[in-house]
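What follows is a short report on a single structure.
Values reported hereafter were calculated over all heavy atoms of this structure, with side chains retained and with hydrogens, waters and symmetry mates removed.
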Amino acid sequence: ANPVGHSERPGSEGPFLLQARVSLHLAKDTEPEAEAEPSLELLQRLDSSRWSWPLSSWSSWQLFSTKDSDSPAKVPFYVYDPSTVEPRFVGRLSSCQRKGADYMFLEKLLDHPMRKPNADDAEVFVIPCLFETYRRCTTTNHAEKPPSLIGESSEVVSPEHPEDFEAIPWSQAMDIGTSRCLDAVKNSEEFRKHSGKTHIFVAADWTMNFGRTYESELFQNMTVGRIEVKENVKDRSRCSVVVPYASDVAYAEDFSAKPSFEEWLARPDMVSFRFEEREYVLYCQNKPCRGAYDATPLRQQSLALGERLNRQGSRSAIGVGRLQISSYAEEIHQAKFCLVIRGDTPSSHAFYDALAANCVPVLVSDPWANVAAPFAYGNNGTVVDGLDVSQFTVQFSQDTWLHDLHEVTKKFRHILSHPAIARELFDAMQEARPKLLWSMPGSTAADYVLQSAKRCSSTP
């Protein structure tokens, strides 16, 4: 399908969109002369058949650069009154320590200068139903809890919601509270007037892509903010926007302590990564989903990387087993690079945890660019205009990761042996953090979501 979006500078509508460049995929023998100090862009091109995603992953892509996107478009929007349609916003969920992207999105919008009290003045309508935060604060799924909550009871317990949380998405689409909220919005004059077309519902929870939740007609004509899309699969919603995960590490991060490049370079560990001793393949109830990719070997390969680095005299913190959230955060704050390896699905919270800890993300997930690039939007599994993360990440194809760790360690050494490259990577990460971290003061994540939601409203 043809990509949906803009192919040239859209002026006041947003940042300049960069067409994915074939030049990223040059021959492997284009190593610069020893005396030259190559730029980060050149480094990303070097040995690209080993170090970057396959060309097919980028062929239909448009991306926007962190450097070209400091000022997202100003989008006038209307928010349905949470006190009327979503009482949990100031009620039970307000005390939760793990609020989701939906809650933080709503928080940032209530006093936003572009919020319109009159719905007729708005271009985007925000549905304040807190499905994601409800899931994060009540779920019994250990894979969705931070390490500190494993074995503990849910933070929020209420006799008003007796449903089995884990019946979602396989037996039911939504919890009772979210269903009531959505019904209230859909029965409103504003929703009926637009047939939901200009409305966005943010729910950055994995259940939105599976089972009865994914198949539900509740989201017909709406735009849904998701953690990722299902590539080339027809959506029940009208349009999708990829929204950043809510990072558990970011909750406790001291954002007033501005890191320096020298401090980052002096971190004792080269690489950090934690994973559980389990199968990393998406299960649909009690069996792997049809066509599910088994990412277990990818994650286990990190142990081999750790051993190789240790033999070469480079310290790493790679291990099996979850840590308390405070210990996990402390560990990744000691590392220069943090692995972001696909798990049950192509995206991972580790990407946003790494950014929160000022740890350069190392992406190992071939489909990531096509399904999980932040703020990408589109329909039927095809999204465009995502944030170009290549400026502040290190990337390896899954094939290189599994079969050529020599090239992996070679790239790490190359970056660290060229301070100009390392500094460029670090500086680009600093520019990206306010765009991607909900908890960061001055975060513009909500503005970029609104911008993508507006563009969604004009998709066919």
Side-chain angles (χ1 to χ4, degrees), residues 75-91 93-94 99-112 114-137 168-169 173-205 207-209 213-214 216-227 229 235-244 246 375 377 379 438 445-459:
V75 178
F77 64 90
Y78 176 84
V79 181
Y80 288 88
D81 184 6
S83 64
T84 302
V85 300
E86 181 53 286
R88 297 177 297 182
F89 177 71
V90 293
L93 296 180
S94 64
K99 297 179 180 73
D102 56 354
Y103 197 103
M104 289 185 277
F105 179 55
L106 186 55
E107 270 189 323
K108 293 184 183 301
L109 297 185
L110 292 183
D111 295 321
H112 196 287
M114 294 304 292
R115 182 185 180 188
K116 303 299 179 183
N118 187 340
D120 292 336
D121 298 327
E123 295 179 358
V124 170
F125 292 74
V126 177
I127 300 173
C129 306
L130 299 174
F131 176 63
E132 176 196 352
T133 292
Y134 172 78
R135 293 270 306 163
R136 286 175 65 87
C137 296
I168 304 169
M174 289 278 137
D175 62 277
I176 296 171
T178 302
S179 295
R180 288 173 178 167
C181 178
L182 287 170
D183 286 344
V185 170
K186 295 180 80 171
N187 288 328
S188 69
E189 180 183 348
E190 289 82 7
F191 189 92
R192 291 196 299 268
K193 183 177 180 180
H194 297 273
S195 301
K197 180 179 178 181
T198 54
H199 288 60
I200 181 168
F201 170 52
V202 170
D205 186 271
T207 55
M208 291 299 296
N209 283 2
T213 308
Y214 186 75
S216 174
E217 299 290 342
L218 284 170
F219 316 113
Q220 191 173 20
N221 289 338
M222 297 181 192
T223 290
V224 173
R226 310 174 186 272
I227 56 174
V229 300
D235 290 337
R236 294 294 180 129
S237 61
R238 186 178 179 282
C239 192
S240 293
V241 173
V242 177
V243 300
F375 314 122
Y377 68 92
N379 52 26
W438 292 103
D447 296 285
Y448 283 109
V449 171
L450 286 171
Q451 178 176 265
S452 294
K454 178 185 175 182
R455 291 173 176 170
C456 259
S457 67
S458 63
T459 59

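Of the candidates Val449, Leu450, Val202, Val185, Val126 forms a side chain to side chain contact (heavy atoms under 4.5 Å, CB included) with just one, namely Leu450. For the pairing with Asp175, the salt bridge (Lys or Arg N to Asp or Glu O under 4.0 Å) check across Arg180, Arg135, Arg88 returns one residue only, Arg88.
Using a distance-only test at 3.5 Å, with no hydrogens or angles considered, a donor-acceptor pair links the side chain of Ser452 to the main chain of Phe375. Distance alone, capped at 3.5 Å, is enough to place a donor-acceptor pair between the Lys99 side chain and the Ser94 backbone. Under the 3.5 Å distance criterion, the side-chain polar atoms of Thr213 are matched with a main-chain donor or acceptor of Ala173.
Annotation: Asp111, atom CG; neighbour count of heavy atoms from other residues, nucleotides and ligands within 6.0 Å does not exceed 12.
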Test side-chain contact (heavy atoms from CB on, under 4.5 Å) on Ser240 and Tyr377; report intermediate values, then the result. CA-CA 5 Å; Ser240 293; Tyr377 68 92; over 6 Å; no
Walk me through it: do Val241 and Thr223 pass the test side-chain contact (heavy atoms from CB on, under 4.5 Å)? CA-CA 7 Å; Val241 173; Thr223 290; 3.7 Å; yes
Go through the steps to decide whether Ile200 and Val224 satisfy the test side-chain contact (heavy atoms from CB on, under 4.5 Å), and finish with yes or no. CA-CA 6 Å; Ile200 181 168; Val224 173; over 6 Å; no
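At a cut-off of 3.5 Å, with distance as the only test, no side-chain donor of Asn379 or Arg238 sits close to an acceptor on the other residue.
Heavy atoms only, all atoms of each residue included: Ser195 and Asn221 are closest at O-CB, 3.0 Å. Of all non-hydrogen atoms in Leu218 and Lys186, the two that sit nearest each other are O-NZ, 3.0 Å. Closest non-hydrogen pair, Ser179 versus Met174, comes out as OG-CB, 3.3 Å. Summarising the geometry of Leu110 relative to Pro82, their closest heavy-atom pair is CD2-CG, 4.3 Å, with the distance given to 0.1 Å.
Shown here are the ring-ring contact (aromatic ring centres under 6.0 Å, His included) partners of Phe125, two or more places apart in sequence or in another chain: Tyr78, His194, His199. With sequence neighbours left out, the side-chain contact (heavy atoms from CB on, under 4.5 Å) criterion links Pro76 to Met114, Lys116, Glu123.
To the nearest 0.5 angstrom, Met222 atom CE is 9.5 Å from Ser237 atom OG. If you take OH on Tyr134 and CG on Asp205, they are separated by 12.0 Å, rounding to the nearest 0.5 Å. With values rounded to the nearest 0.5 angstrom, Phe77 atom CZ is found 13.5 Å from Lys454 atom NZ.
We find that Arg115 and Asp121 are not joined by a salt bridge, their nearest charged nitrogen and carboxylate oxygen being 4.0 Å or further apart.
For the pair Ile127 and Leu182, the minimum side-chain heavy-atom distance is below 4.5 Å. By the 4.5 Å heavy-atom criterion applied to side chains, Val243 and Arg226 are not counted as neighbours. By the 4.5 Å heavy-atom criterion applied to side chains, Tyr80 and Glu190 are counted as neighbours.
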Sequence neighbours excluded and cut-off under 3.5 Å, please list the side-chain donor-acceptor pairs for residues 101-108, or say none.
{"from": "Asp102", "atom 1": "OD1", "to": "Thr133", "atom 2": "N", "distance (Å)": "3.4"}
{"from": "Asp102", "atom 1": "OD1", "to": "Thr133", "atom 2": "OG1", "distance (Å)": "2.5"}
{"from": "Asp102", "atom 1": "OD2", "to": "Phe131", "atom 2": "N", "distance (Å)": "3.4"}
{"from": "Asp102", "atom 1": "OD2", "to": "Glu132", "atom 2": "N", "distance (Å)": "3.0"}
{"from": "Asp102", "atom 1": "OD2", "to": "Thr133", "atom 2": "N", "distance (Å)": "3.1"}
{"from": "Tyr103", "atom 1": "OH", "to": "Phe89", "atom 2": "O", "distance (Å)": "2.6"}
{"from": "Lys108", "atom 1": "NZ", "to": "Trp438", "atom 2": "O", "distance (Å)": "3.1"}

